Amino acid sequence: VQLQASGGGLVQAGGSLRLSCAASGSIFRINGMGWYRQAPGKQRESVAVISSGGSTNYADSVKGRFTISRDNAKNTVYLQMNSLNPEDTALYYCAKGRGSKVSTQPEDYDHWGQGTQVTVSS
């Protein structure tokens, strides 16, 4: 299984980015997927997760600003990020769930992408 994340970059506060994660080597539609992030000096945290059926869960810090979605035909999961602020600066990872359900626990994910850097300037 390979996960290829893309779409990160440098953006000003208030701006938007859309991250993409293309999956290969697995039956994508049956797995939950997640986006995590890790800022320097901080632990990796769950940002948004989506089940195989489309149920979602968001970290409180991103609710109302970020939207996770998936396109099973393209084996791709997306993270639309709006109203970005400097606290969103981090390395963002996508991950494939071991099962089909929503989960915010890192141990419930068995494959991780390489990460894409998001930097928000003030």
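Counting from 1, the numbers follow the sequence of the chain as shown. Note: hydrogens, waters and symmetry copies are ignored here, and every other heavy atom, side chains too, is used. A quick note: this is a predicted structure, and the numbers were derived from the prediction, not measured.
Remark: Q2 CD is loosely packed, at most 12 non-hydrogen atoms of other residues, nucleotides or ligands lying under 6.0 Å away. Under a cut-off of 6.0 angstrom, the local environment of CD in Q43 is sparse, with at most 12 non-hydrogen atoms contributed by other residues, nucleotides or ligands. Annotation for R29: atom CZ does not count as buried by contact number, only 12 or fewer foreign heavy atoms lying within 6.0 Å.
The CG atom of N31 sits 8.0 Å away from the OG atom of S52 when rounded to the nearest 0.5 Å. Distance CZ/R98 to CD/Q105: 12.5 Å, rounded to 0.5 Å. Rounded to the nearest 0.5 angstrom, Y92 OH and C21 SG are separated by 15.0 Å.
Here the shortest heavy-atom pairing between I68 and W35 reads CD1-CD1, 3.6 Å.
Judged purely by atom type and a 3.5 angstrom limit, Q114 uses its side chain to pair as donor or acceptor with the backbone of A5. Y36 places a side-chain N or O within donor-acceptor distance of the main-chain N or O of T104, the cut-off being under 3.5 Å.
A 4.5 Å side-chain heavy-atom check between L3 and M33 finds at least one atom pair inside the cut-off. In this structure, the side chains of T89 and Q117 come closer than 4.5 Å at one or more pairs of heavy atoms. The side-chain heavy atoms of S103 and Y109, taken from C-beta on, include a pair separated by under 4.5 Å. The side-chain heavy atoms of V1 and K96, taken from C-beta on, include a pair separated by under 4.5 Å. Between S6 and T116 there is no side-chain heavy-atom pair separated by less than 4.5 Å. Counting only heavy atoms from C-beta outward, the side chains of N82 and S16 approach each other to under 4.5 Å. Side-chain contact between R44 and W112 is present, with heavy atoms from C-beta onward closer than 4.5 Å.
Between D88 and R37 there is a salt bridge, since a side-chain N of the basic residue sits under 4.0 Å from a carboxylate O of the acidic one.
Within the cation-pi definition used here (under 6.0 Å to the ring centroid, within 45° of the axis), R65 does not qualify as a partner of Y58.
Paired with F66 under the rule side chain to side chain contact (heavy atoms under 4.5 Å, CB included), one option of V47, T56, L19 passes, and it is V47.
V62 and V11 fall within a single hydrophobic cluster, where Ile, Leu, Val, Met, Phe, Trp and Tyr side chains are chained together by heavy-atom contacts under 4.5 Å.
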V102 vs S51, test: side-chain contact (heavy atoms from CB on, under 4.5 Å). Steps then yes/no. CA-CA 5 Å; V102 163; S51 72; 3.6 Å; yes

